Amino acid sequence: MSLLIIIKPSIKKQGQKSLAWLKKICKKRGFSYCIFTTTGSFDDDCAQIRLLLSKFPKVVALGGDGTLNLAVNALIGSSCSLALLPCGTGNDFSRGFNCKEDDWRKALFNTPTAIDIGKINSRYFINIAGVGFDAHVIKTINEKANFSSFDYSWTSIKELFYYQAQQLQGTFNNDARQYQNLITVFANHKYFGGGLEIAPKADLTDGQLECYQMRSGGLFYNVISFIKLFFKRHEYIKNLTYSRLNTASINTEGLLIEADGELIGKTPAVVSVHGQALLFHMPIKKAPTVK
């Protein structure tokens, strides 16, 4: 067995610990491995990883949502399976499994599961893509040299008082809609924004995306809406529309787009879901022992 390990050059203490464990387990099991260190150029890194895939049946992404998104876009269309050792800043995708570090380590040797992958314009996403305030917050955070999950929460609160919602016109499962957009998200999994569970019903294998359209209602209403979202009570937000869909399009130009926590461009946008498009090593949460 040969593994391709994808890491960022600036991995933190937890990442270094996970890499040391992975090297140790490869030596113990007689696996060979190659470490690919990302450069920060998404297109170049994708191209380089694709060139390496013919030599490796399994890829391990060692990092957070951004590293995982890079790996997903490089692996789409290949027969390689993907495993994850979460050690990023937000880790929103891995958070949705509610699993411990040991569960993720064991998952490297599980039989992979074919999971769905979303796509917005040319960018694939494994977790969540969004248009509106979430993308604005990511843009603001990206202007900092370093940031934490707390920075995301604090920046969200602060920017909410200044954010100017914009009109969005689009089609969602052939249903034309127009509204003052605060956030529109397309969820393949549960969490985004450094730990907000916006899509508790999301399923990686159901062939659909969960769509949440939160309309702006002025500063006071928007603050209340985010408080409800924080406490997982957003189903009671009057200006929230929920649907499950296969396709959507946003015709309005110039709205920021994020995918898996990465700023990827601006609208217009076409959204789709690709069923069973990636082999992923899912962690299995150990059931509590019954005494």
Side-chain angles (χ1 to χ4, degrees), residues 42-43 46 61 64-76 88 90-96 115-142 152 156 165-166 168-173 177 179 181-214 229 234 240-275 277-278 280:
F42 180 85
D43 291 336
C46 257
D65 297 316
T67 304
L68 180 62
N69 180 265
L70 170 66
V72 166
N73 279 268
L75 266 66
I76 283 290
N91 295 320
D92 280 319
F93 177 77
S94 62
R95 194 188 307 270
I115 66 169
D116 306 331
I117 297 294
K119 187 179 184 183
I120 185 161
N121 289 343
S122 62
R123 187 72 161 254
Y124 292 94
F125 61 93
I126 193 171
N127 190 41
I128 287 177
V131 174
F133 181 69
D134 53 334
H136 169 77
V137 170
I138 290 170
K139 180 178 182 293
T140 303
I141 288 176
N142 284 349
Y152 192 103
S156 297
Q166 295 173 276
L168 184 151
Q169 191 277 325
T171 303
F172 303 81
N173 267 355
R177 298 176 194 169
Y179 53 95
N181 177 55
L182 183 59
I183 290 180
T184 296
V185 301
F186 305 93
N188 194 38
H189 211 208
K190 304 177 188 297
Y191 287 85
F192 85 139
L196 298 176
E197 189 181 18
I198 192 164
K201 299 176 184 178
D203 186 335
L204 289 167
T205 60
D206 66 356
Q208 293 187 302
L209 298 172
E210 308 275 308
C211 181
Y212 289 83
Q213 297 164 283
M214 192 182 295
L229 175 58
H234 50 291
L240 180 71
T241 300
Y242 163 77
S243 60
R244 303 176 79 233
L245 51 76
N246 307 103
T247 61
S249 62
I250 296 174
N251 302 324
T252 306
E253 296 184 355
L255 306 180
L256 292 172
I257 305 171
E258 63 94 1
D260 293 341
E262 299 289 306
L263 200 64
I264 65 164
K266 295 182 179 180
T267 57
V270 175
V271 180
S272 58
V273 60
H274 298 252
L278 182 74
F280 184 71

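Just so it is clear, the model here is predicted, and its values are computed rather than measured.
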(message) Classify the ring geometry of F172 against F186: parallel below 30°, tilted from 30° to 60°, perpendicular beyond 60°.
(response)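 Correct class here is parallel.
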
(request) Quick one: list whatever passes salt bridge (Lys or Arg N to Asp or Glu O under 4.0 Å) with E262, sequence neighbours left out. (result)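 Partners of E262 by the salt bridge (Lys or Arg N to Asp or Glu O under 4.0 Å) criterion come out as none, since no residue qualifies.
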
(request) For D203, check salt bridge (Lys or Arg N to Asp or Glu O under 4.0 Å) against everything at least two apart and list the hits. (result)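 Per chain and number, D203 pairs via salt bridge (Lys or Arg N to Asp or Glu O under 4.0 Å) with no residue.
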
(request) Kindly state whether the ring of Y212 and the ring of F192 have centres lying under 6.0 angstrom apart. (result)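 No, ring centres 6.0 Å or more apart.
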
(message) For V72, run the side chain to side chain contact (heavy atoms under 4.5 Å, CB included) check against D260, I115, N127, L278 and tell me which one passes.
(response)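 Among D260, I115, N127, L278, the one that satisfies the side chain to side chain contact (heavy atoms under 4.5 Å, CB included) with V72 is L278.
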
(message) Can you tell me which residue among L168, D134, T267 is in a side chain to side chain contact (heavy atoms under 4.5 Å, CB included) with T184?
(response)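 Output: one option passes, namely L168.
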
(message) side chain to side chain contact (heavy atoms under 4.5 Å, CB included) for H189 and L204? Distances and angles first, verdict last.
(response) CA-CA 6 Å; H189 211 208; L204 289 167; 3.8 Å; yes

(request) Report yes if some heavy atom in the side chain of E253 is under 4.5 Å from a heavy atom in the side chain of P268; otherwise report no. (result)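 A side-chain contact under 4.5 Å exists here.
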
Please report the shortest heavy-atom distance between [X] and [Y], naming the atom on each side.
X: D116; Y: Q208; answer: OD2-N, 4.1 Å
X: G207; Y: N246; answer: O-ND2, 3.2 Å
X: G118; Y: L209; answer: CA-CD2, 4.4 Å
X: P200; Y: K190; answer: O-NZ, 3.0 Å
X: A187; Y: A199; answer: CB-CB, 3.5 Å
X: H234; Y: E197; answer: CE1-O, 3.2 Å

Working to the nearest 0.5 angstrom, can you tell me the gap between [X] [atom1] and [Y] [atom2]?
X: N251; Y: Q169; atom1: CG; atom2: CD; value: 4.5 Å
X: Y124; Y: I76; atom1: OH; atom2: CD1; value: 5.5 Å
X: K139; Y: I257; atom1: NZ; atom2: CD1; value: 14.5 Å
X: N121; Y: I264; atom1: CG; atom2: CD1; value: 6.5 Å
X: F42; Y: N73; atom1: CZ; atom2: CG; value: 3.5 Å
X: L229; Y: L196; atom1: CG; atom2: CG; value: 5.0 Å

(message) Quick check against the 3.5 Å criterion: does K119 have a side-chain atom that pairs as donor or acceptor with the backbone of S272?
(response)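 It does not hold such a pair.
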
(message) Test your reading of the model: is there a side-chain donor-acceptor pair from D92 to the backbone of G194, 3.5 Å cut-off?
(response)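 Pair found, side chain donor or acceptor close to backbone of G194.
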
(request) State which residues pass ring-ring contact (aromatic ring centres under 6.0 Å, His included) with F133; sequence neighbours excluded, sorted by chain then number. (result)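 Per chain and number, F133 pairs via ring-ring contact (aromatic ring centres under 6.0 Å, His included) with Y163, F226.
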
(request) Under the side chain to side chain contact (heavy atoms under 4.5 Å, CB included) rule, what do N173 and T247 come out as? Steps first, then yes or no, please. (result) CA-CA 6 Å; N173 267 355; T247 61; 4.1 Å; yes

(request) Check the pair N69 / R123 against side chain to side chain contact (heavy atoms under 4.5 Å, CB included), numbers first and verdict last. (result) CA-CA 9 Å; N69 180 265; R123 187 72 161 254; 2.8 Å; yes

